[in-house]
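Take a look at the structure set out below.
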Amino acid sequence: MAVIALNSPKGGVAKTTLAILLAAECAHRGYSVALLDADPNQHAALFGERSTVENLTFQPDITDATVIKAIRRAAEAFDLVFIDLPGATTTLNLKALQLSDFVILPCQTSRPDVRDAMRGIQQIVEAGDLKGLPGDETIPYTILWTRIPFHFESKAARSIREAISQTGARTMSSVLHERSVYKEMHINSEVPRQIDESSAATKEVSVLTDELLETLYKMREQADVA
Ligand SMILES: Nc1ncnc2c1ncn2[C@@H]1O[C@H](COP(=O)(O)OP(=O)(O)OP(=O)(O)O)[C@@H](O)[C@H]1O
Ligand SMILES: [Mg+2]
């Protein structure tokens, strides 16, 4: 149904965390899902070695040399494909972006992070250009605000979020809060749903996934009409 890339030139913004959470939640809903780990650090693949989430296949060691074939194969074999990309602007990122139906650009609410996100958008625009999209079209993408403090959001952070929403850059209305459970999930390779079905983190991931799937369905409907 769709290939979704997690991309940002900035490290530590929760690309891998989100790739695992969203892939696992989609698998929980019955989709067959592949998570392609294209980051040399292989944190998602390591998670996958012990993960017991049904319907979710982790594919490790995706490199610049293998990424195109890997994405094409996975797109044929699975309903949904998530690609965890390195926090970089390599040719691997460009190749993966060109083959993606949708890009999620995780971003924290600080000025430097927003500047890096803008470079991330530029990279997506360039990938669309290389793909031959007309000048006014880009590969569909959205910014997703991540690591938002749970109890308190600073004035500066709020003003950045508001400023970005006014630039017209697409942003998801759901966010990923800073929660210790998102770090702890690496201890036993279990996503929040497997730890506690009714936790706030499980609910948060569910809401994020709802919004993602709704966006993908709308894109599909529009493509069918066109
Ligand atoms: N929402 C969150 N709450 C708490 N910890 C988080 C959250 N998101 C990410 N982390 C932690 O921050 C670190 C970096 O997150 P992650 O690996 O997902 O980022 P990344 O964007 O994939 O980084 P890289 O570019 O280096 O691959 C990890 O230790 C992760 O557990
Ligand atoms: Mg990562």
Side-chain angles (χ1 to χ4, degrees), residues 4-25 34-51 58-64 67 81-94 96-97 100 103-110 112-121 123-124 141-154 157 161 171-196 199-209 211-212:
I4 303 131
L6 279 295
N7 188 62
S8 162
K10 167 97 181 169
V13 293
K15 293 181 291 294
T16 301
T17 304
L18 278 166
I20 295 170
L21 292 172
L22 292 169
E25 184 65 14
L35 199 175
L36 276 50
D37 192 345
D39 185 335
N41 290 323
Q42 293 288 291
H43 293 305
L46 279 172
F47 185 98
E49 280 177 11
R50 292 198 297 153
S51 169
F58 289 81
Q59 295 189 359
D61 299 322
I62 308 297
T63 64
D64 186 62
V67 66
V81 180
F82 288 85
I83 315 166
D84 184 22
L85 288 168
T89 53
T90 63
T91 51
L92 183 156
N93 292 67
L94 265 185
L97 290 172
S100 296
V103 185
I104 299 176
L105 218 156
C107 182
Q108 295 176 94
T109 49
S110 79
D113 282 272
V114 168
R115 274 195 288 275
D116 285 329
M118 291 301 142
R119 285 200 293 129
I121 292 175
Q123 204 183 8
I124 296 165
Y141 71 89
T142 183
I143 291 174
L144 198 172
W145 298 113
T146 56
R147 312 197 63 171
I148 305 279
F150 189 58
H151 294 295
F152 173 77
E153 190 181 7
S154 73
R161 288 217 291 168
T171 52
M172 280 179 80
S173 45
S174 328
V175 301
L176 189 77
H177 285 99
E178 181 79 16
R179 295 177 194 270
S180 54
V181 68
Y182 296 139
K183 285 193 214 300
E184 288 159 8
M185 67 186 201
H186 290 276
I187 299 171
N188 293 321
S189 290
E190 284 182 327
V191 290
R193 179 177 289 287
Q194 293 173 293
I195 299 167
D196 179 358
S199 72
T202 303
K203 172 85 181 138
E204 179 166 79
V205 175
S206 175
V207 169
L208 269 168
T209 306
E211 186 174 349
L212 171 64

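Atoms within a ligand are numbered from 1 in the order they appear, just like the ligands themselves.
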Ignoring hydrogens, what is the shortest heavy-atom contact between Leu105 and Ser8? Give both atom names and the distance. CD2-CB, 4.3 Å

Could you list the atoms of ligand 1 found under 4.0 angstrom from a heavy atom of Asp39? 27 (O)

Specify the protein heavy atom at minimum distance from atom 24 (P) of ligand 1: its residue, its atom name, and the distance to 0.1 Å. Gly12 N, 3.6 Å

Donor-acceptor contact present, side-chain Arg119 to main-chain Lys10, <3.5 Å: no

Students should be able to answer this: which protein heavy-atom is nearest to atom 17 (O) of ligand 1, and at what distance? Thr16 CB, 3.8 Å

Return the closest protein heavy atom for atom 8 (N) of ligand 1 as residue, atom name and distance. Ala14 CB, 3.4 Å

What protein heavy atom sits nearest atom 12 (O) of ligand 1, and how far away is it? Arg147 NH1, 2.9 Å

Quick one: does Val13 get within less than 4.0 Å of ligand 1, heavy atoms only? yes

Would you verify that at least one protein heavy atom lies under 4.0 Å from atom 28 (C) of ligand 1, or report that none does? no

Separation of Phe58 CZ from Leu35 CG (nearest 0.5 Å): 5.5 Å

Kindly compute the distance separating CD (Gln108) from CG (Leu176), expressed to the nearest 0.5 Å. 10.0 Å

So is His177 close enough to ligand 1, meaning a heavy atom under 4.0 angstrom away? yes

The criterion is side chain to side chain donor-acceptor pair (under 3.5 Å); which residues satisfy it with Thr91, sequence neighbours excluded? Asp64

Between His43 and Asp37, which heavy-atom pair has the shortest distance, and what is it? N-OD2, 3.6 Å

Those residues that, when tested against Thr209, pass side chain to side chain donor-acceptor pair (under 3.5 Å) (two or more places apart): none

Everything protein-side that's N, O or S and under 2.8 Å from the Mg ion (ligand 2): list it, residue and atom. Thr16 OG1

Using a 3.5 Å distance criterion without hydrogens, assess whether the side chain of Glu204 forms a donor-acceptor pair with backbone atoms of His177. yes

Check the side chains of Ser173 and Glu211 for a donor-acceptor pair under 3.5 angstrom, ignoring hydrogens and angles. yes

Could you measure the distance from the CZ atom of Phe47 to the CD1 atom of Ile187? Nearest 0.5 Å is fine. 11.0 Å

Whether the side chain of Asn93 engages the backbone of Ala88 through a donor-acceptor N/O pair (distance < 3.5 Å, no angle test) should be reported. yes

Atom 5 (N) of ligand 1: which protein heavy atom is closest, and how many Å away? Lys183 NZ, 3.2 Å

In ligand 1, which numbered atoms sit nearer than 4.0 Å to a non-hydrogen atom of Gly87? 25 (O)

Kindly compute the distance separating CD (Glu25) from OG1 (Thr202), expressed to the nearest 0.5 Å. 8.0 Å

Would you check whether Leu176 has a nitrogen or oxygen atom less than 3.5 angstrom from a nitrogen or oxygen atom of ligand 1? no

Closer than 4.0 Å and a protein heavy atom, does any atom meet both conditions relative to atom 10 (N) of ligand 1? yes

Using a strict 4.0 Å cut-off to heavy atoms of Thr17, name the atoms of ligand 1 that fall inside it. 8 (N), 9 (C), 15 (O), 16 (P), 18 (O), 30 (C)

When you compare the side chain of Thr16 with that of Leu6, does any pair of heavy atoms fall below 4.5 Å? no

Say whether Glu178 and ligand 1 are in contact under the criterion: heavy-atom distance to a ligand atom below 4.0 Å. yes

Contact atoms of ligand 1, heavy-atom distance to Tyr182 under 4.0 Å: 1 (N), 2 (C), 3 (N), 31 (O)

For residues 141-149, please give each side-chain donor-acceptor pair under 3.5 Å, one per line with the distance, not counting sequence neighbours.
unit_1: Thr142; atom_1: OG1; unit_2: Arg170; atom_2: O; d: 3.4
unit_1: Thr142; atom_1: OG1; unit_2: Met172; atom_2: N; d: 3.1
unit_1: Thr146; atom_1: OG1; unit_2: Val13; atom_2: O; d: 2.9
unit_1: Thr146; atom_1: OG1; unit_2: Cys107; atom_2: O; d: 3.4
unit_1: Arg147; atom_1: NE; unit_2: Glu178; atom_2: OE1; d: 2.8
unit_1: Arg147; atom_1: NH1; unit_2: Gly12; atom_2: O; d: 3.2
unit_1: Arg147; atom_1: NH2; unit_2: Glu178; atom_2: OE1; d: 3.4
unit_1: Arg147; atom_1: NH2; unit_2: Glu178; atom_2: OE2; d: 3.0

Note: heavy atom closest to atom 21 (O) of ligand 1, options His186, Arg179, Lys15, Glu184, belongs to Lys15

